[in-house]
Protein chains: 2
Amino acid sequence: MAAKRGPADPGRRERIMAATQRLLLEEGIGGLSHRAVAREAGVPLGSTTYYFETLDDLLDGATRRLTEQYAHWLHEWGAGLGDPSPAELVEHLADLVETQLAGSRAELVLSFELMSAAMRRPELRPAAVLYAETEREVIAAHTDPHTARALVLVLDGILLQSLAARTPPSREEITAPLAALLTPEG
Amino acid sequence: MAAKRGPADPGRRERIMAATQRLLLEEGIGGLSHRAVAREAGVPLGSTTYYFETLDDLLDGATRRLTEQYAHWLHEWGAGLGDPSPAELVEHLADLVETQLAGSRAELVLSFELMSAAMRRPELRPAAVLYAETEREVIAAHTDPHTARALVLVLDGILLQSLAARTPPSREEITAPLAALLTPEG
DNA sequence: CGAATTTATGTACGGCCGTACACAATCACG
DNA sequence: CGTGATTGTGTACGGCCGTACATAAATTCG
């Protein structure tokens with residue numbers, strides 16, 4: 001029963017998954033289709049339905065991988081932070097925002113797309129919630145839990161509005177609300 | 001086959017618009033189609049394309065109306081607030097969050113859907129940005145501009161995460177980050 | 001009353017979609 | 001080699017889509 005038979009092309013499945021992630025980042029959830037994935041992966045249409053029976057399997061798998069990759073990246077970012085003062089943490093967080101807005105725009109857009117999609121599709125919730133959860137963990141390593149939660153809310157708000165806006169925020173528009181939480185006296 | 005006809009049916013256009021708004025709230029942007037609108041409005045398919053040449057016209061019109069309605073409602077909410085102390089403002093804002101989460105869930109979900117859609121479709125930006133803009137104006141009437149901006153970011157973050165989460169936030173989860181900005185000493 | 005014009009609609013075209021499924025290719029094993 | 005079992009694919013079905021457009025009804029005007 002469990003005997004292994006037939007030709008194994010383990011790279012195939014992986015290539016399809018990777019193509020799905022690429023497609024999601026480029027076109028968003030709405031751009032996902034068996035046909036588009038097959039085109040992007042360079043495999044026949046039948047392959048995508050063979051390895052991933054339904055389109056949701058494809059979406060779930062790709063979003064889980066993408067969010068886990070992001071979580072890993074963010075943890076590493078937090079680990080390289082040392083032991084900053086509140087004022088320094090403000091600057092580090094502002095750097096983070098600017099870095100992401102400049103270099104990870106597609107990932108950010110997808111994360112918010114995922115959040116709003118999760119509001120109508122409960123099966124996407126776990127992946128959507130993982131973003132904020134990870135941010136909270138990483139920041140909580142450098143401040144108290146309450147402040148960490150508030151900081152995450154502010155960060156999400158900044159990113160959300162910056163992505164929807166026509167122009168990127170100034171440095172001061174980023175640091176001011178963060179400083180209001182971390183260095184309220186000055 | 002058709003019954004009554006005539007150029008004078010001024011309600012027609014309006015009924016289509018209203019049906020579009022209803023459909024958007026119920027099904028989201030992805031659920032919008034000429035056919036679905038026609039069904040919802042009880043008009044023939046040809047009518048929707050006659051009054052609104054393209055689907056985007058329909059979407060733009062409906063989102064503009066919905067956001068303006070929300071802006072109006074929020075201004076009225078702000079006007080009925082009196083002159084609260086910071087501690088009272090925290091409670092009022094928490095009430096606002098709870099009210100919206102309980103009674104305007106569809107509107108909120110759509111607003112975030114609109115934000116994330118605007119990240120890929122610039123023509124939706126004006127409507128998307130109006131939400132935060134209005135919140136800022138209304139709150140700025142009761143505190144300084146910097147704090148108002150930070151409060152809006154926190155509010156958006158709270159709503160975003162609450163809608164994506166499985167369970168609604170506790171009162172304390174709402175008030176704590178607001179109080180961190182408004183009453184940092186206590 | 002006709003004729004021109006405006007208003008409204010039914011239908012059809014071409015396209016993309018998810019997915020089922022008959023069928024081909026490949027391999028394990030006797 | 002043969003013979004299943006397993007893996008992989010091309011194709012086709014039914015459905016929903018946006019939108020163009022011929023045509024019908026109502027109104028307007030000479």
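In what follows, chains are A, B, ... by sequence order, proteins preceding strands, each numbered from 1.
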Distance, rounded to the nearest Å, where [X] contributes [atom1] and [N] contributes [atom2]:
X	N	atom1	atom2	answer
F52(A)	dT7(D)	CZ	C1'	15 Å
I16(B)	dT7(C)	CD1	P	15 Å
D56(A)	dG18(C)	CG	C1'	11 Å
E53(B)	dT7(C)	CD	P	15 Å
L59(B)	dG18(D)	CG	P	11 Å
Y50(A)	dA25(C)	OH	P	16 Å
D57(A)	dG18(C)	CG	P	13 Å

*NA contact type, S47(A), heavy-atom cut-off 4.0 Å: base, sugar-phosphate, or nothing?*
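Contact class for S47(A): sugar-phosphate only.
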Per the under-4.0 Å heavy-atom filter, residues of residues 19-33 of chain A near DNA chain C come out as L32(A), S33(A)
With a 4.0 Å cutoff (strictly under), does any side-chain N or O of [X] reach OP1 or OP2 of [N]?
X	N	result
Y51(B)	dA8(C)	yes
R12(B)	dT9(C)	yes
R39(B)	dC16(D)	no
T49(B)	dA20(D)	no
H34(A)	dC17(C)	no

* To do: Any side-chain hydrogen bond (donor to acceptor under 3.5 Å, both in side chains) involving residues 139-148 of chain B? Give me the pairs, sequence neighbours left out, ordered by first then second residue.
  =>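 Sorted pair list: E172(A)-H146(B), D144(B)-T147(B).
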*asked:* Is it the case that the side chains of Y131(B) and Q161(A) hold a donor-acceptor pair, with the cut-off being a distance below 3.5 Å and no angle test?
replied: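 The criterion, which ignores hydrogens and geometry beyond distance, is not satisfied for Y131(B) and Q161(A).
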*What heavy-atom pair brings A117(A) and I29(A) nearest, and what distance separates the two atoms?*
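Nearest heavy atoms, A117(A) then I29(A): CB-CD1, 3.9 Å.
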Once rounded to the nearest 0.5 Å, what's the spacing between atom CG of L55(A) and atom CZ of R35(A)?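 The distance works out to 11.0 Å.
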Taking N or O atoms only and anything under 3.5 Å, show me the protein contacts with nucleotides 11-15 of chain C, one pair per line.
none

### Task
Before accepting this row, confirm whether a basic side-chain N of the pair E27(B)/R120(A) lies closer than 4.0 Å to the acidic partner's carboxylate O.
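No, E27(B) and R120(A) are not salt-bridged.
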Margin query: Salt bridge check, D60(A) against R65(A): does any charged N sit closer than 4.0 Å to a carboxylate O?
Written below: no
Sorted by chain and number, sequence neighbours left out, side-chain contact (heavy atoms from CB on, under 4.5 Å) with V138(B) holds for L74(B), H75(B), W77(B), T134(B)
- Query: Tell me the ring pair (Phe, Tyr, Trp, His ring centres under 6.0 Å) pairs involving residues 23-65 of chain A, sequence neighbours left out?
  - Reply: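 Ring pair (Phe, Tyr, Trp, His ring centres under 6.0 Å) check on residues 23-65 of chain A returns no pairs.
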Sequence neighbours excluded, which residues qualify as salt bridge (charged side-chain N to carboxylate O under 4.0 Å, His left out) partners of R105(B)?
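If we apply the salt bridge (charged side-chain N to carboxylate O under 4.0 Å, His left out) test to R105(B), skipping adjacent residues, there are no hits.
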